[in-house]
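Here is the structure we will look at, set down as structure tokens.
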Number of protein chains: 2
Amino acid sequence: MDDVAAKAGVSRALVSLVMRDSPRVSSHNREKVLAVAADLGYRPNMAARNLATGETKTIGVMLNDIHNPFFTAIAEGASTAAGEAGMQLVMSSGWLREAGETEAIEMLLGMRTDGLLLASPRLSDVTINEFATQAPTVILGVWGRWENLDSINNDEQHGAELIVDHLVGLGHTRIAHIAGNLPAGGQQRRAAFAEAMVARGLAPIIIDGDFNEESGYEGAGVLMSLNEPPTAIFAGNDLSAIGVLSRLHEMGIRVPDDVSVVGYDDTNIAGISAVSLTTVHQPREEIGFIATQMLLERIAGRTDDRHEDLEPRLVVRQTTGPATNS
Amino acid sequence: MDDVAAKAGVSRALVSLVMRDSPRVSSHNREKVLAVAADLGYRPNMAARNLATGETKTIGVMLNDIHNPFFTAIAEGASTAAGEAGMQLVMSSGWLREAGETEAIEMLLGMRTDGLLLASPRLSDVTINEFATQAPTVILGVWGRWENLDSINNDEQHGAELIVDHLVGLGHTRIAHIAGNLPAGGQQRRAAFAEAMVARGLAPIIIDGDFNEESGYEGAGVLMSLNEPPTAIFAGNDLSAIGVLSRLHEMGIRVPDDVSVVGYDDTNIAGISAVSLTTVHQPREEIGFIATQMLLERIAGRTDDRHEDLEPRLVVRQTTGPATNS
DNA sequence: TGCAGCGATGAAAGCGTTTACATAGTGGAT
DNA sequence: ATCCACTATGTAAACGCTTTCATCGCTGCA
């Protein structure tokens, strides 16, 4: 900074003003300083600025799993909202491991991002509430007892009902669910499914999994080897539905002729014609966008907790069809 | 920090030593300090530490497009390598826009990450070489005249030959390529394709696109409306191949009966049974892993440039088949 | 008894900014 | 000439840590 000031023939203070583009600088000097800075490759040291101002103009995003297009879409929405507010995004992924998430969040907290956006963390309520005391936080995709943070969620109840109704309407009665694994969410999706089934007098078939392809793949294998295999499978999310499709395909089981498959999230994979997965739509970019706006409000000083619920919508494609009587 | 020192009844210096887990601290005091720190929710301020030490123990990763599973796989490999070396990863995405990439890199440079990993940037050679003077840099996925940085690449020449040979072997002669858009790469893949075709006495059909679904979708539409449409389409990467498949499906064109489709990268989408895309395999995680190791070496002081070339391998699945005589 | 070595201390400088403040120079309007 | 608004300057403190250095008390060993 000294170098720039010297070479531009102005004071350090002025350079500082220019770098923060303050309006109280003559355009003449502004340009001069910027030119010299570019020439010298000078770039303000964010660490120093951060130390001095106490803010980083950065929001930290922890994504449950960067492999899942659902989360990258959320990141995209977040990026847009942050950009509009002149903020940067720092992303980190939990890599589907609890320890990975903790590390990622610790890092973000360590770098003192102005806020924290947690996309479907698998940590416990308690842990998350604790993190939330350290920085303005918005969490999305999981239900829990939140304190001191905003949340934005999908109405799991309704989503599960949409799916069950759709399948029941097609004549299915043996419907299975490959559940995902999100402790903090209190297994809402799984519970909602069970409830919806029971409410219709049907027995919920549920096996454990995780929100990835492997567990869909494994789960489908398990389910189809039952004495009375299900005629429809509701996977925890699109990714695991893809796994289910692969396994069924390998087993020579036709979809939807023999078995119907439903996902959740409506990621772009679901829309591919070759896949054409029936799923529940969630406005992904919008979720990220709104969540970030809520976070910005919180950073700006809002202190009351806000909890938003988004209505899911069923998208019927070609992986669901009438049940075969067997 | 003062608070922790006070509450633990030790000096600030000692707390500092503990936080950096220096061996010169008695285990008694270490535990005590750690306990107090956890209790108080104290976490060293990275900005301050960074200012004092001049290093961040962080490597910045700029991904061409976070939506593309190819890049997230690379990030995963990078994360593993970084983790082993006690470093953190900060990711940012270029969102397929040049300005987005510049911003992302500027941010990483601003936060003074110890190194820069650029995954298929679309910026010009000149720009990238300039950035590389500011921090140890490794670039991957693009060919260019690099100075002062390491690179790791795919042998495009060979990859294109594999594809062309495969298709020609199936009897195809009208083979089209939907090119991607990476200025710095000098359009290597496109050139390699053209060369391979010409070498076999065939006319290369090439249209412009970008490495995403949309451009595959658009491109397929354009290609199939030609008077003499191609019998095989080589998309720039898997993502755009997916777009091609969708468009063909919509147009009622059967794959591979009417038209064969080939991708590039062998992302996990390609492997889905429902898609089963013939493509060229690249060891994604490994690329990220190796690139990060090279970067770590560079950070550690190596100054000579290293350029690695990885051999591609054709994975034949079900989107390619014999050419129909038409 | 003396000495080495270890663990700990306290003080102080430094990292690169921002920020507040007091000061000063330059026109232009009055 | 006088005054004001505007732009710029110089200084100094502060941000929260690391690092160095001289010092010190303790333990155990020769």
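All chains are named by letter (A, B, ...) in the order of the sequence lines, taking the proteins before the strands, and each is independently numbered beginning at 1. These figures come from a predicted structure and were not determined experimentally.
- Look at CG on B/Asp2: it is 10 Å from P on D/dG16, rounded to the nearest Å.
- Defining each end axis of the helix from C/dT1-D/dA30 to C/dT30-D/dA1 as the rotation carrying four pairs' C1' atoms onto the next four, with five pairs an end, the two axes are found to diverge by 40° to 10 degrees.
- For residues 19-29 of chain B, the set of pairs meeting the salt bridge (Lys or Arg N to Asp or Glu O under 4.0 Å) definition, not counting sequence neighbours, is empty.
- For the pair B/Asp150 (side chain) and B/Val138 (backbone), a donor-acceptor distance under 3.5 Å is absent.
- A straight line from CZ of A/Arg24 to C1' of D/dA8 spans 10 Å, rounded to a whole angstrom.
- Considering only the side chain of B/Arg112, C/dT17 comes nearest among D/dT7, C/dT17, D/dT9.
- B/Ser26 has a side-chain polar atom (N or O) that falls below the 4.0 Å cut-off from OP1 or OP2 of C/dA8.
- Each of A/Ala47 and B/Val25 has a nearest nucleotide on DNA chain C; the 5'-most of these lies closest to B/Val25.
- Residues A/Asp114 and A/Thr56 have side chains that bring a donor and an acceptor to within less than 3.5 angstrom of each other.
- Nearest-nucleotide positions on DNA chain D place A/Leu14 closer to the 5' end than the other of A/Ala48 and A/Leu14.
- Rounded to an integer number of Å, the gap from CZ of A/Arg12 to C1' of C/dT17 is 8 Å.
- The side chain to side chain donor-acceptor pair (under 3.5 Å) pairs that include a residue from residues 91-103 of chain B are A/Ser79-B/Trp95, where partners are two or more places apart or lie in different chains.
- Qualifying salt bridge (Lys or Arg N to Asp or Glu O under 4.0 Å) partners for B/Asp305, counting only residues two or more places apart in sequence or in other chains: B/Arg298.
- When the P atom of D/dA13 is taken as reference, atom CG of A/Leu51 falls 18 Å away, rounded to whole Å.
- The closest donor-acceptor contact from the side chain of A/Thr113 to the backbone of A/Leu109 lies at 3.5 Å or more, if one exists at all.
- Remark: nothing in residues 28-40 of chain A comes within less than 4.0 Å of DNA chain C through any heavy atom.
- Between the side chain of A/Asp210 and the backbone N or O of A/Asn212, no donor-acceptor pair lies under 3.5 Å.
- With rounding to whole Å, B/Asp3 atom CG is found 10 Å from D/dC17 atom P.
- With salt bridges taken as basic N to acidic carboxylate O contacts below 4.0 Å, one links B/Arg12 and B/Asp2.
- The CD1 atom of B/Ile105 sits 11.5 Å away from the CD atom of B/Glu130 when rounded to the nearest 0.5 Å.
- A donor-acceptor pair under 3.5 Å is formed between the side chain of B/Asp125 and the backbone N or O of B/Arg145.
- Between A/Thr72 atom OG1 and B/Phe71 atom CZ the span is 13.0 Å, to the nearest 0.5 Å.
- With the nearest nucleotide of DNA chain C identified for both A/Asn45 and B/Gly9, B/Gly9 has the one nearer the 5' end.
- Taking only side-chain atoms of A/Arg49, from C-beta outward, the nucleotide of C/dT18, C/dG10, D/dC15 with the closest atom is C/dT18.
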Please tabulate, one pair per line, each protein N/O and nucleotide N/O from nucleotides 19-22 of chain C that are separated by under 3.5 Å, including the distance.
unit_1, atom_1, unit_2, atom_2, d
C/dT19, OP2, A/Arg20, NH1, 2.5

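- To the nearest angstrom, C1' of C/dC15 lies 13 Å from CD of B/Glu55.
- Within the 3.5 Å criterion, the main-chain N or O of B/Asn45 finds no donor-acceptor partner in the side chain of B/Arg43.
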